[in-house]
Protein chains: 2
Amino acid sequence: MDRDLGSVAERCRAQGLRMTGPRRVIAEVLDRSVDHPDVEELHRRVSEIEPRIALSTVYRTVRLLVEAGILERHLFNDGRARYENADHEHHDHLIDMTTGNVIEFRSPEIEELQAKIAESLGYRITGHRLQLFCVPMKDRGRRRTVTKRD
Amino acid sequence: MDRDLGSVAERCRAQGLRMTGPRRVIAEVLDRSVDHPDVEELHRRVSEIEPRIALSTVYRTVRLLVEAGILERHLFNDGRARYENADHEHHDHLIDMTTGNVIEFRSPEIEELQAKIAESLGYRITGHRLQLFCVPMKDRGRRRTVTKRD
DNA sequence: GTATTTGCAAACGCTTTGCCCACGA
DNA sequence: TCGTGGGCAAAGCGTTTGCAAATAC
């Protein structure tokens with residue numbers, strides 16, 4: 001599913017961003033993160049590598065990376081913003097309300113319907129947000145899915 | 001499209017909520033609002049009727065009404081929460097990024113697909129959020145749509 | 001009468017910012 | 001060297017809360 005556009009650091013360079021010490025560490029953490037961490041969680045992970053990096057630096061950097069299209073910002077239902085490497089195909093999110101886990105999914109059919117709806121209202125879609133808030137089925141015959149924490 | 005379950009005040013009573021002065025005014029404002037005002041906007045409208053009602057009272061009341069299922073809370077992309085009378089059929093939102101206007105739409109087809117996706121992942125949907133962020137088409141042949149402000 | 005609700009101001013959680021020093025190119 | 005980035009602490013913003021006085025039932 002991932003597109004491999006290179007590491008976060010590489011894409012930063014490609015955008016002409018200065019690669020400072022803190023940015024390198026943050027980029028590394030992002031490369032290793034397959035989930036949807038919030039800023040505090042990122043800072044926690046960054047601090048394990050280099051404890052002197054300030055929370056505000058993480059805030060400034062994620063903002064920068066979102067603006068550069070290197071990161072995606074998501075707003076689920078818990079006040080804080082969560083971030084995800086933009087190095088992947090578009091997908092939407094299913095949130096397991098019992099655990100907070102987030103599962104990614106893709107639906108070209110839904111996307112087509114969205115475009116049709118917008119068009120019929122005289123609009124062109126520039127972005128969308130689709131989130132399914134769910135609870136596990138009391139299920140017989142459990143499936144195997146790749147559920148990423150958070 | 002609306003279901004007419006009665007006024008907000010009536011539904012409050014039905015839930016056994018105490019009808020105080022401030023709540024009556026807030027309920028009245030909500031009955032008259034066909035858009036998606038945030039708390040400050042609600043407070044502004046409330047203040048025109050009764051200037052002594054505190055902002056915190058509006059916050060407390062909308063929270064109460066959401067919990068009672070009388071109001072719906074929406075989070076679009078501008079930090080604050082917006083509220084809408086729950087006295088209507090379910091719908092999703094198209095946000096005009098050039099004006100901030102919000103258009104409501106319904107798509108049973110999309111909803112069915114959502115349910116299928118969730119089910120295939122072993123989940124049951126308890127809620128969802130679908131928002132289309134759009135810009136107007138440079139259009140010949142404009143349609144007539146009911147576009148509610150905000 | 002008694003528990004609930006209000007207004008006010010202070011606190012809150014997340015995020016941004018001003019300042020001045022440190023650092024990358 | 002020169003301009004950009006970082007650390008720190010303070011401010012910002014939307015929202016919640018503690019408290020004493022006011023009010024619904």
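Letters A, B, ... are given to chains in the order of the sequence lines, protein chains preceding strands, and every chain is numbered from 1.
Within the 3.5 Å criterion, the main-chain N or O of A:Arg23 finds no donor-acceptor partner in the side chain of A:Thr61.
Residues B:Leu75 and B:Val58 do not share a hydrophobic cluster, defined by chaining ILVMFWY side chains whose heavy atoms lie under 4.5 Å apart.
In this structure, A:Arg63 does not reach the C:dT15 phosphate: none of its side-chain N or O atoms is under 4.0 Å from OP1 or OP2. At least one side-chain nitrogen or oxygen of B:Tyr59 sits closer than 4.0 Å to the OP1 or OP2 atom of D:dT15.
Atom CG of B:Leu42 and atom P of D:dG14 are 14 Å apart (whole Å). Regarding A:Arg73, its CZ atom lies at a distance of 15 Å from the P atom of C:dC14, rounded to whole Å. Rounding to whole angstrom units, OH of residue A:Tyr83 and C1' of C:dC14 are separated by 10 Å. Rounded to whole angstrom, the span from the CZ atom of B:Arg80 across to the P atom of D:dT15 amounts to 8 Å. Rounded to an integer number of Å, the gap from B:Leu64 CG to C:dT4 P is 13 Å. Taking atom CD on A:Gln15 and atom C1' on D:dG5, their separation rounds to 18 Å, with Å as the unit. Distance, A:Ile53 CD1 to D:dG5 P: 15 Å, rounded to whole Å. Look at CD on A:Glu50: it is 19 Å from P on D:dG5, rounded to the nearest Å.
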Handout entry: Verdict with supporting geometry, B:Arg24 and B:Glu28, salt bridge (charged side-chain N to carboxylate O under 4.0 Å, His left out)
Key = CA-CA 6 Å; B:Arg24 245 184 294 275; B:Glu28 182 186 335; over 6 Å; no
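With 3.5 Å as the limit, one finds a donor-acceptor pair spanning the side chains of A:Glu104 and A:His36.
Distance check: B:Glu41 CD to B:Arg82 CZ gives 9.0 Å after rounding to the nearest 0.5 Å.
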Exercise for the section: Would you give a per-nucleotide map of nucleotides 18-25 of chain D, 5' to 3', where B means the base has a protein non-hydrogen atom under 4.0 Å away, S means only the sugar-phosphate does, and - means neither? Expected result: B-----BS
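Using a 4.5 Å cut-off on side-chain heavy atoms (C-beta onward), A:Leu71 and A:Leu30 make contact.
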